[in-house]
Amino acid sequence: MVVDPAGRLLLFRGHDPKRPHRYIWHTPGGGLDPGEDDRAAARRELAEETGLDAEPGPLVWQRHLEFSFDGVEYDQQEVFFLIMVDAAFEPDTSGHNELEQSSMTAHGWFDVSQLRACPDLLAPPDLAARLEQLLITGPPAEPVQVLGAVLP
């Protein structure tokens with residue numbers, strides 16, 4: 001989770017190729033490569049998806065979810081690290097693979113009120129409330145379990 005000094009969160013708008021008109025806004029991230037731990041994967045995925053090379057900060061959220069994407073069923077654990085940046089930036093998406101290029105169609109920086117007003121799905125679905133709590137209280141001592149639902 002990349003957050004700027006104004007408390008805005010960087011999100012990407014994506015869609016499942018099997019449901020091209022159902023959009024969901026999500027944080028940068030992805031799966032583990034063989035031999036990689038969560039922190040190393042977060043750093044690699046952040047660089048690939050945004051161009052930002054930064055050490056992930058504290059682990060703040062985690063969730064379990066089951067979903068399908070492009071006809072494949074997934075059962076996964078996700079972790080969310082907090083990365084505070086000095087300023088909002090324009091992500092460099094040149095590191096996106098072919099699927100990301102076709103399924104991630106926009107990006108933006110969202111504050112809590114914009115998240116609450118977003119007509120599309122958010123991942124996690126309680127993102128606005130969770131971000132607001134994080135901005136008020138700071139990182140939790142232990143990761144908080146967030147909602148797992150993604151697409152209906």
Side-chain angles (χ1 to χ4, degrees), residues 1-3 8-85 91-110 112 114-135 137-152:
M1 298 182 359
V2 181
V3 178
R8 298 180 307 162
L9 177 65
L10 175 62
L11 296 176
F12 286 93
R13 185 179 79 168
H15 67 274
D16 181 336
K18 301 288 188 202
R19 297 179 264 192
H21 303 293
R22 186 73 168 163
Y23 297 108
I24 186 165
W25 289 90
H26 57 85
T27 60
L32 298 173
D33 283 345
E36 211 173 32
D37 65 20
D38 290 334
R39 191 167 287 280
R43 185 173 189 151
R44 177 186 50 77
E45 287 286 347
L46 183 67
E48 289 174 1
E49 294 188 1
T50 71
L52 179 65
D53 182 16
E55 182 64 33
L59 175 59
V60 294
W61 302 339
Q62 58 189 15
R63 73 176 178 162
H64 173 256
L65 69 157
E66 297 175 7
F67 65 99
S68 67
F69 182 82
D70 201 20
V72 177
E73 297 293 322
Y74 294 89
D75 182 347
Q76 70 185 33
Q77 297 291 327
E78 291 185 339
V79 294
F80 295 80
F81 295 97
L82 177 62
I83 300 172
M84 301 298 295
V85 294
D92 174 359
T93 59
S94 63
H96 287 195
N97 64 33
E98 186 177 324
L99 181 59
E100 290 167 337
Q101 289 174 10
S102 66
S103 66
M104 293 190 342
T105 56
H107 59 269
W109 293 87
F110 293 81
V112 171
Q114 291 168 317
L115 290 172
R116 285 197 172 105
C118 183
D120 298 321
L121 296 170
L122 299 172
D126 58 348
L127 186 55
R130 295 297 184 175
L131 178 61
E132 182 175 48
Q133 184 66 37
L134 185 62
L135 293 172
T137 64
E142 296 291 326
V144 173
Q145 189 71 33
V146 296
L147 295 177
V150 177
L151 288 174

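Quick caveat, the model's predicted, so the values are computed rather than measured.
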Q: Assess whether side-chain contact (heavy atoms from CB on, under 4.5 Å) is satisfied between Thr93 and Phe12, documenting all intermediate values.
A: CA-CA 10 Å; Thr93 59; Phe12 286 93; 4.0 Å; yes
Q: Give the C-alpha distance, both sets of side-chain angles, the deciding distance and a yes or no for side-chain contact (heavy atoms from CB on, under 4.5 Å) between Leu134 and Val3.
A: CA-CA 11 Å; Leu134 185 62; Val3 178; 5.6 Å; no
Q: Any chance you could lay out the side-chain contact (heavy atoms from CB on, under 4.5 Å) test for Arg22 and Leu121, step after step, and finish with the verdict?
A: CA-CA 8 Å; Arg22 186 73 168 163; Leu121 296 170; 3.5 Å; yes
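Among residues two or more places apart in sequence or in another chain, the salt bridge (charged side-chain N to carboxylate O under 4.0 Å, His left out) test is passed with Asp33 by Arg44. Considering only residues two or more places apart in sequence or on other chains, Phe69 meets the ring-ring contact (aromatic ring centres under 6.0 Å, His included) condition with none of them. The side chain to side chain donor-acceptor pair (under 3.5 Å) check on Gln114 picks up nothing, with sequence neighbours excluded. Residues that satisfy the side chain to side chain donor-acceptor pair (under 3.5 Å) test with His26, not counting sequence neighbours, are absent from this structure. Applying the side chain to side chain donor-acceptor pair (under 3.5 Å) criterion to Asp75, with sequence neighbours excluded, gives His64. Applying the side chain to side chain contact (heavy atoms under 4.5 Å, CB included) rule to Glu55 yields the partners Arg39, Arg43; only residues at least two apart in sequence or on another chain are considered. With sequence neighbours left out, the side chain to side chain contact (heavy atoms under 4.5 Å, CB included) criterion links Ala47 to no other residue. Applying the side chain to side chain contact (heavy atoms under 4.5 Å, CB included) test to Asp92 and every residue at least two apart in sequence or in another chain returns Ser94. Glu78 is linked by a side chain to side chain contact (heavy atoms under 4.5 Å, CB included) to Arg63, Leu65, Gln76, Phe80, counting only residues two or more places apart in sequence or in another chain. For Asp126, the salt bridge (charged side-chain N to carboxylate O under 4.0 Å, His left out) partners are Arg130, not counting sequence neighbours. With sequence neighbours excluded, the residues satisfying side chain to side chain donor-acceptor pair (under 3.5 Å) with Trp25 are Asp120.
Distance CD/Gln62 to CD/Gln77: 7.5 Å, rounded to 0.5 Å. In this structure, CG in Asp53 is found 11.5 Å from CD in Glu48, a value given to the nearest 0.5 Å. Rounding to the nearest 0.5 Å gives a distance of 9.5 Å between CE of Met1 and CD1 of Ile83.
Pairing each heavy atom of Gly29 with each of Glu45, the nearest pair is O-OE1, 3.4 Å. Nearest heavy atom pair, residue Phe81 against residue Val79, reads CE1-CG2, 3.8 Å. Nearest heavy atom pair, residue Ala42 against residue Pro56, reads CB-CG, 3.9 Å. Closest approach of Phe110 to Leu115, counting heavy atoms only: CB-CD2, 3.6 Å. Contact record, Cys118 with Leu122: SG-CD2, 4.1 Å, taken as the closest heavy-atom pair.
Within the 4.5 Å cutoff, the side chain of Thr27 has heavy atoms near those of the Leu11 side chain. Within the 4.5 Å cutoff, no side-chain heavy atoms of Leu52 are placed close to those of Leu10. You'll find the side chain of Leu59 stays beyond 4.5 Å of the side chain of Asp38, heavy atoms only.
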Identify every side-chain donor-acceptor pair in residues 139-148 under 3.5 Å, counting partners at least two apart or on other chains, and give the distances.
none

